[in-house]
Amino acid sequence: MADTTREIERKFESRDSGLPDLTNVGGIASVVDQGVTELDAVYHDTPDLRLAASSVTLRRRTGGSSPGWHLKLPVGPDTRDEITAPLTDEPPAELLRLIRSRTRGAEVVPVVRLRSARDVRELRDAEGRLLAEASADSVHAERLAGGRGEAQWTEIEVELAEGADPALLDLVEKRFRRAGVHRSGSPSKLARALAETTPGAAAPAPRRKKPVTAGDHVLAYLRDQRDRVVALDPAVRRGLPEAVHDMRVATRRLRSALRAYRSLLDREALAPLAAELQWLTRELGVDRDQEVLDERLAAALDALPAALVTGPVRDRLGLWSGTRRGRARSRTAAVLDSRRYLDLLNSLDAVLADPPLRKAARRKPEKALAKALDKEFGRLSRLVERALALDPGPERDTALHEARKKAKRTRYAAEAARPALGKKAGRLADDAKSLQRPLGEHQDSVMSREALRSLAQDASRAGEPAFTWGVLYGREERTAALTETALPARWAEVARRSRPKG
């Protein structure tokens with residue numbers, strides 16, 4: 001079974017100068033020698049180093065206090081999630097699944113072996129609490145695939161203890177600089193080993209060119225969202241909070257940009273990709289919609305006075321939520337494990353590598369993107385005004401839901417144009433988001449009422465009181481009515497600010 005820890009550390013160039021004295025730096029009262037440990041790690045990757053290209057490492061390590069398989073996923077500056085599994089001969093399937101969005105089914109093979117002599121010091125405060133661990137590592141690297149060669153170097157690592165203040169790393173680095181020790185130029189031992197054992201093999205990817213044309217801006221946005229989908233895949237598989245939501249948003253942003261900027265992109269060539277993105281968005285929505293329902297219904301029940309809670313409503317809600325959530329998560333896992341999903345990612349890569357741009361994509365962004373946004377707002381206007389003209393009821397609920405989806409698409413299209421258009425696009429994105437909120441609240445109320453009706457029927461069939469479910473249903477009806485009453489004024493304000501002039 002895999003375990004996960006959050007790792008916050010910095011690496012420094014040592015030049016064999018050893019570890020500078022850190023006493024009295026950031027509350028460090030003592031530096032406790034833990035001796036030297038011998039570590040032997042074999043790093044695995046695809047033959048074309050796809051993991052290394054995305055700053056992900058997978059290694060099998062013996063020696064030290066945590067032998068086993070270690071998968072490290074980037075989280076932010078100096079920060080990675082380390083997922084560990086017991087020592088086996090081959091990479092564990094549970095870790096291979098977490099890198100599937102990057103490996104895409106390619107073989108994972110040993111690429112580098114690192115043997116290190118680690119001289120460890122514990123950095124403790126005046127009460128003896130562990131603040132961080134500092135180590136001076138003498139590293140010997142041996143290339144196993146994609147070339148042959150060896151390299152040696154010495155480096156210092158400082159890793160924070162759980163709960164320690166990240167500001168300590170800044171203070172340590174300041175002390176190191178005074179001693180002539182500076183930040184490492186490589187993000188990891190593996191990156192340095194690849195660079196030094198086969199020159200050029202691990203050269204950094206070329207920087208993306210600054211967007212110039214309208215097409216450049218749209219493609220830059222699409223690449224960013226593609227990267228987010230790939231990076232969020234492990235988090236969704238691990239069931240991390242908001243991961244499904246964030247991945248679904250990235251997928252929607254991709255699809256929205258393809259549709260909103262069809263004047264710049266060959267719509268016919270991109271139709272298959274757009275359809276697959278719609279499929280992925282819909283599949284992720286099953287899990288996300290259940291997540292929203294669970295949270296909303298639980299909060300609504302918690303807000304009820306005790307006198308209005310009759311019967312085993314909490315037990316029934318818990319059983320209902322647990323069963324449906326389990327099915328939704330299993331469905332999401334099956335989607336991410338499917339060949340169809342990998343084919344989608346490969347198709348997205350292919351489109352970004354050789355984008356089917358139309359002539360208009362070569363135009364200046366100020367006009368081409370602004371024109372596309374004006375059209376998006378026009379489509380949004382027609383949907384909102386049609387919905388508001390309908391009488392309350394199922395037809396209006398459906399129309400408001402369509403308007404909500406269009407508000408999201410308008411917002412995402414504006415976000416894509418913001419680097420080029422500045423305030424104009426920013427204002428539209430903000431206005432679309434402000435409209436999206438009440439429309440989302442209304443749709444959540446519609447979904448909640450459907451769920452509450454089903455729960456009340458189940459309770460009645462089981463001989464349980466349905467009173468509480470009725471109370472919650474009535475409150476949701478009230479929420480929807482208040483939202484609908486406020487919508488015309490909200491829309492009038494949005495239209496006044498963002499409707500195209502002239």
Output side-chain donor-acceptor pairs under 3.5 Å for residues 347-359, partner residues at least two apart or in another chain, one line each.
{"from": "Ser347", "atom 1": "OG", "to": "Asp343", "atom 2": "O", "distance (Å)": "2.9"}
{"from": "Asp349", "atom 1": "OD1", "to": "Arg226", "atom 2": "NH1", "distance (Å)": "2.7"}
{"from": "Asp349", "atom 1": "OD2", "to": "Arg104", "atom 2": "NH1", "distance (Å)": "2.8"}
{"from": "Asp349", "atom 1": "OD2", "to": "Arg104", "atom 2": "NH2", "distance (Å)": "3.2"}
{"from": "Arg358", "atom 1": "NH1", "to": "Arg262", "atom 2": "O", "distance (Å)": "3.3"}

Arg453 bridged to Glu476 by N-O distance under 4.0 Å: no
Straight-line distance of Leu258 CG to Arg409 CZ, nearest 0.5 Å: 10.5 Å
Polar side chain donor-acceptor pair, Gln443 to Arg404, under 3.5 angstrom: no
Arg267: salt bridge (charged side-chain N to carboxylate O under 4.0 Å, His left out) partners, not counting sequence neighbours: none
Ser135 side chain vs Asp137 backbone, donor-acceptor pair below 3.5 Å: no
Pairwise distance CG(Leu336) to CG(Leu342) - rounded to 0.5 angstrom: 9.0 Å
Glu38 and Arg115: CA distance, side-chain angles, deciding distance, salt bridge (Lys or Arg N to Asp or Glu O under 4.0 Å) verdict: CA-CA 7 Å; Glu38 299 293 333; Arg115 285 171 288 179; over 6 Å; no
All ring pair (Phe, Tyr, Trp, His ring centres under 6.0 Å) counterparts of Phe377, not counting sequence neighbours: Trp491
Test side-chain hydrogen bond (donor to acceptor under 3.5 Å, both in side chains) applied to Tyr43 - qualifying residues, sequence neighbours left out: Arg59
Partners passing salt bridge (charged side-chain N to carboxylate O under 4.0 Å, His left out) against Arg6 (at least two apart in sequence or in another chain): Asp81
Presence of salt bridge, Arg340 and Glu276, under 4.0 angstrom: yes
For His44, all residues meeting ring pair (Phe, Tyr, Trp, His ring centres under 6.0 Å), sequence neighbours excluded: Trp69
Under-4.0 Å salt bridge between Glu415 and Arg411: yes
Glu441: partners by side chain to side chain contact (heavy atoms under 4.5 Å, CB included), with sequence neighbours left out: Arg296, Thr479, Thr483
Arg316 atom CZ: more than 12 heavy-atom contacts under 6.0 Å: yes
By side-chain hydrogen bond (donor to acceptor under 3.5 Å, both in side chains) - contacts of Glu150 (at least two apart): His140
Distance-only polar pair, side chains of Thr197 and Arg143, donor-acceptor under 3.5 Å: yes
Set of salt bridge (charged side-chain N to carboxylate O under 4.0 Å, His left out) partners for Lys11, sequence neighbours left out: Glu9, Glu155, Glu157
Residues Asp289, Arg248: salt bridge by 4.0 Å N-O rule: yes
Short side-chain to backbone donor-acceptor contact, Arg50 and Thr103, under 3.5 Å: yes
Note: Arg237-Asp337 ion pair, threshold 4.0 Å (strictly below): yes
Those residues that, when tested against Lys371, pass side chain to side chain contact (heavy atoms under 4.5 Å, CB included) (two or more places apart): Lys375
Test log, rule side chain to side chain donor-acceptor pair (under 3.5 Å), inputs Arg60 and Thr88: CA-CA 8 Å; Arg60 180 186 188 276; Thr88 56; 5.9 Å; no
Check: Val335 main-chain N/O paired with Ser338 side-chain donor or acceptor under 3.5 Å: yes
Expected output: side-chain Arg449 to main-chain Ser445 donor-acceptor under 3.5 Å: yes
Ring pair (Phe, Tyr, Trp, His ring centres under 6.0 Å) pairs, two or more places apart, involving residues 223-266: none
Partners meeting salt bridge (charged side-chain N to carboxylate O under 4.0 Å, His left out) with Asp45 (sequence neighbours left out): none
Ion pair Glu94/Arg97, N-O distance below 4.0 Å: no
Donor-acceptor contact below 3.5 Å, side chain Thr213 vs main chain Asp216: yes
